[in-house]
Number of protein chains: 2
Amino acid sequence: MKKKRTSITDIANTLQVTPSTVSRALNGGGKVSEKKRLEIISLAKKLGYRPNPIAKSLLENRTNTIGLIIPEFTHHFYSRMLSGIESVTSKAGYQLLICTSNEDQNQEIKSIHTLLDARVDGIIATISKMNDKFEHLQEVMDNDTPLVLVDRFSEEIETPYVISDDFKGAFSAVDHLCQIGCRKIMHIKGPDNLSTTFNRFMGYKEALRKHEIELDERLILEGSNPDLVEKIKSCLENNWVDGAFAYSDYLAFEIYKAASQLTIPIPGQLSVIGYADEPISTYINPTLSTVNQQPFEMGVTGAKYLLNKINDPEIALEIKNLETKLVIRESCRRLEG
Amino acid sequence: MKKKRTSITDIANTLQVTPSTVSRALNGGGKVSEKKRLEIISLAKKLGYRPNPIAKSLLENRTNTIGLIIPEFTHHFYSRMLSGIESVTSKAGYQLLICTSNEDQNQEIKSIHTLLDARVDGIIATISKMNDKFEHLQEVMDNDTPLVLVDRFSEEIETPYVISDDFKGAFSAVDHLCQIGCRKIMHIKGPDNLSTTFNRFMGYKEALRKHEIELDERLILEGSNPDLVEKIKSCLENNWVDGAFAYSDYLAFEIYKAASQLTIPIPGQLSVIGYADEPISTYINPTLSTVNQQPFEMGVTGAKYLLNKINDPEIALEIKNLETKLVIRESCRRLEG
DNA sequence: TAGTTTAGGTCAAACGTTTGACCAATATAC
DNA sequence: GTATATTGGTCAAACGTTTGACCTAAACTA
């Protein structure tokens with residue numbers, strides 16, 4: 001059995017006053033003589049009194065706790081986002097109750113209920129990749145529990161969100177490739193049906209259009225293709241390619257693999273840009289240029305939006321399409337002549 | 001203002017019974033007719049009644065919440081550990097309240113107090129690297145709050161812990177290098193004053209001893225050395241080395257860098273083993289052999305120990321020196337003749 | 001002097017839930 | 001027909017805290 005901690009009533013009893021007086025002495029609500037106040041405070045200190053937030057929560061109908069749902073912990077992007085969130089919430093005196101969904105919507109629904117049951121003051125969630133149900137999110141809003149979506153959002157739900165600007169991110173990468181002289185730029189696409197895949201592809205196309213480069217269908221490859229490396233190799237062998245933009249850093253490494261097998265030097269003959277700025281990008285040889293999505297800032301912004309909404313439920317809808325940062329490393333070099 | 005959720009009293013009032021009856025109908029404490037029971041249950045369902053855990057916590061002096069302190073989220077090791085912990089605690093119906101210490105002991109002390117204030121039922125903590133104070137940990141124990149240390153432990157505190165067997169991990173790596181024919185094995189040491197650094201070094205020495213290889217002081221390098229790569233290169237150039245074991249995967253990459261600059265082939269002329277099994281190990285070229293510390297299992301075991309202690313505070317001290325797993329990849333090859 | 005203010009408290013309700021003690025009516029035992 | 005057990009409930013306390021309403025005595029006002 002856990003030890004009972006000293007309560008306001010304990011102090012009241014030993015000092016022959018009422019709990020009310022103790023409460024007011026400790027919280028400064030007046031109505032207590034200087035003498036008693038000091039007496040109470042010193043006894044409280046001596047007994048190591050710490051207010052019980054549970055009792056306060058029950059009374060005030062708030063828990064100073066924020067619920068968090070993320071797909072998984074082990075993805076670097078989410079870890080960074082989590083850090084960003086934590087940095088804001090801890091400073092504001094909130095605690096973090098964390099659940100994972102493992103990209104499974106049923107798990108996500110369960111987590112939402114767990115958090116609502118726990119009476120969190122607000123929820124920050126990254127909804128799972130494949131989502132077709134929204135009742136649970138609607139339930140959160142019907143409950144007047146502020147909700148902020150991060151990284152992914154849904155048009156069905158009108159609530160603040162922060163996502164990354166995939167279009168601009170992709171555009172900036174391909175634009176850079178063009179500026180350093182690439183004219184034959186390959187793109188490796190992400191998983192089907194994901195808005196990120198679509199938006200990055202659109203950014204790619206827009207950059208080509210800006211530089212008046214005609215789109216070459218042969219250079220658009222599917223990342224999910226089982227013999228992707230072979231496909232890439234055939235493009236490289238035919239000398240169709242002088243630059244490449246991949247949906248992710250990991251797909252960019254497939255390009256590395258193909259180039260290495262053909263002993264095509266990067267960046268000598270081929271400039272490559274990935275996406276996400278995984279830590280590995282700086283360790284691989286050559287270090288990989290990539291698009292940083294600023295996950296920390298995403299977390300910070302999402303957390304701020306949530307606090308804003310907690311403090312003022314009637315606040316105007318805050319949404320943000322976060323700027324990305326193009327990080328140029330060794331894998332890109334200006335083409336000579 | 002957040003909406004008031006329907007309480008047991010609401011149900012009691014509309015049904016003209018007392019809260020006690022409702023409570024017993026819902027929790028099955030008998031003393032309620034079948035007819036009323038069904039009536040109550042159906043109304044509860046209709047109103048979407050969900051018990052308020054705050055009230056229960058106040059009464060039962062337990063929160064069904066476990067506090068967690070980790071140095072940082074963005075380290076892959078801790079993410080995996082976190083996953084392991086979460087997998088156990090969520091199944092057991094506990095929630096996770098998470099704090100970070102950023103390897104700063106003062107932050108750690110603050111976090112401990114936050115968690116104690118929140119009345120968590122137990123705490124799992126990875127104490128910060130440099131620690132010289134233990135009052136806060138002692139405070140946890142004085143409070144009868146079960147505490148489990150993971151990844152790092154302290155001899156000053158008698159509480160369950162789970163750590164990784166660095167000695168055996170290092171031993172297995174160097175033993176493997178010997179078995180594939182290496183006789184001139186370099187070691188790159190970790191940060192000073194860390195027990196992990198010491199233990200891995202001891203494992204290295206023990207493996208050499210087993211294979212009757214004399215220790216060559218020239219091959220022991222400090223990872224913190226600013227011109228580490230140059231030092232490595234000079235060893236390689238002099239042909240003093242045919243194998244290498246590094247304190248971490250990242251230090252192993254420094255060996256890669258040196259070898260690459262001298263165009264010494266890995267694993268053709270040099271076998272390399274790192275430590276930690278960072279995800280990057282499988283993407284680097286050649287893929288890196290390494291020692292996996294099983295962080296997920298560490299989390300699982302730590303969480304189980306905590307639950308055991310929560311359920312039986314008088315349980316015998318559980319501690320574990322977790323086995324590591326040697327993962328052999330391309331960076332190791334048997335030396336020919 | 002009578003009336004009013006002020007300082008320094010106390011009292012009780014409220015938050016939502018559980019649970020031991022109690023009670024009345026009915027059913028059973030002998 | 002009386003004693004006892006069972007059924008189906010109610011009551012009130014408890015968890016720790018806050019807070020508006022109330023109270024009393026002393027001090028001030030006119």
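Naming convention: chains lettered A, B, ... in sequence-line order (proteins, then strands); numbering from 1 in each chain.
- B/Lys4 comes within contact range of the sugar-phosphate backbone alone, with a heavy-atom separation under 4.0 Å but no base atom that close.
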Solution key, residues 118-128 of chain A side-chain donor-acceptor pairs under 3.5 Å, sequence neighbours excluded:
from     : atom 1 : to       : atom 2 : distance (Å)
A/Arg119 : NH1    : A/Asp117 : O      : 3.2
A/Arg119 : NH1    : B/Pro51  : O      : 3.3
A/Arg119 : NH2    : B/Arg50  : O      : 3.2
A/Asp121 : OD1    : A/Thr63  : N      : 2.9
A/Asp121 : OD1    : A/Thr63  : OG1    : 3.3
A/Asp121 : OD2    : A/Thr63  : N      : 3.3
A/Asp121 : OD2    : A/Asn64  : N      : 2.6
A/Thr126 : OG1    : A/Val150 : O      : 3.0
A/Ser128 : OG     : A/Glu108 : OE1    : 2.8

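- Looking at residues two or more places apart in sequence or on another chain, you find a salt bridge (Lys or Arg N to Asp or Glu O under 4.0 Å) between B/Glu103 and B/Arg152.
- Within the 3.5 Å criterion, the main-chain N or O of A/Pro53 finds a donor-acceptor partner in the side chain of A/Ser57.
- Axis orientation changes by 50° from one end of the helix from C/dT1-D/dA30 to C/dC30-D/dG1 to the other, with each end axis drawn from 5 pairs and the value rounded to 10°.
- Under the rule for a side chain to side chain donor-acceptor pair (under 3.5 Å), A/Thr145 has no partner lying at least two apart in sequence or in another chain.
- Scanning for salt bridge (Lys or Arg N to Asp or Glu O under 4.0 Å) contacts around B/Lys4 gives B/Asp10, with sequence neighbours left out.
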Which donor-acceptor pairs under 3.5 Å do the side chains of residues 310-319 of chain B make with protein atoms, sequence neighbours left out?
from     : atom 1 : to       : atom 2 : distance (Å)
B/Asn311 : ND2    : B/Leu307 : O      : 3.1
B/Asp312 : OD1    : B/Glu314 : N      : 3.0
B/Glu318 : OE1    : B/Asn308 : ND2    : 3.1

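- Not counting sequence neighbours, A/Arg62 has no partner by the salt bridge (Lys or Arg N to Asp or Glu O under 4.0 Å) test.
- Within the structure, ring-ring contact (aromatic ring centres under 6.0 Å, His included) pairs that include any residue of residues 23-75 of chain B comprise B/His75-B/Tyr78 (at least two apart or interchain).
- Residue pairs meeting the ring-ring contact (aromatic ring centres under 6.0 Å, His included) criterion with at least one member in residues 133-154 of chain B, sequence neighbours excluded, are B/Phe153-B/Tyr161.
- The salt bridge (Lys or Arg N to Asp or Glu O under 4.0 Å) search around A/Glu155 returns none, not counting sequence neighbours.
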When you check every protein heavy atom under 4.0 Å of nucleotides 4-10 of chain C, what one-letter string (B, S, -) results, 5' to 3'?
----SBB

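- Protein chain A contacts DNA chain D over a range whose 5' and 3' limits, counting nucleotides with an atom under 4.0 angstrom from a non-hydrogen atom, are D/dG16 to D/dC22.
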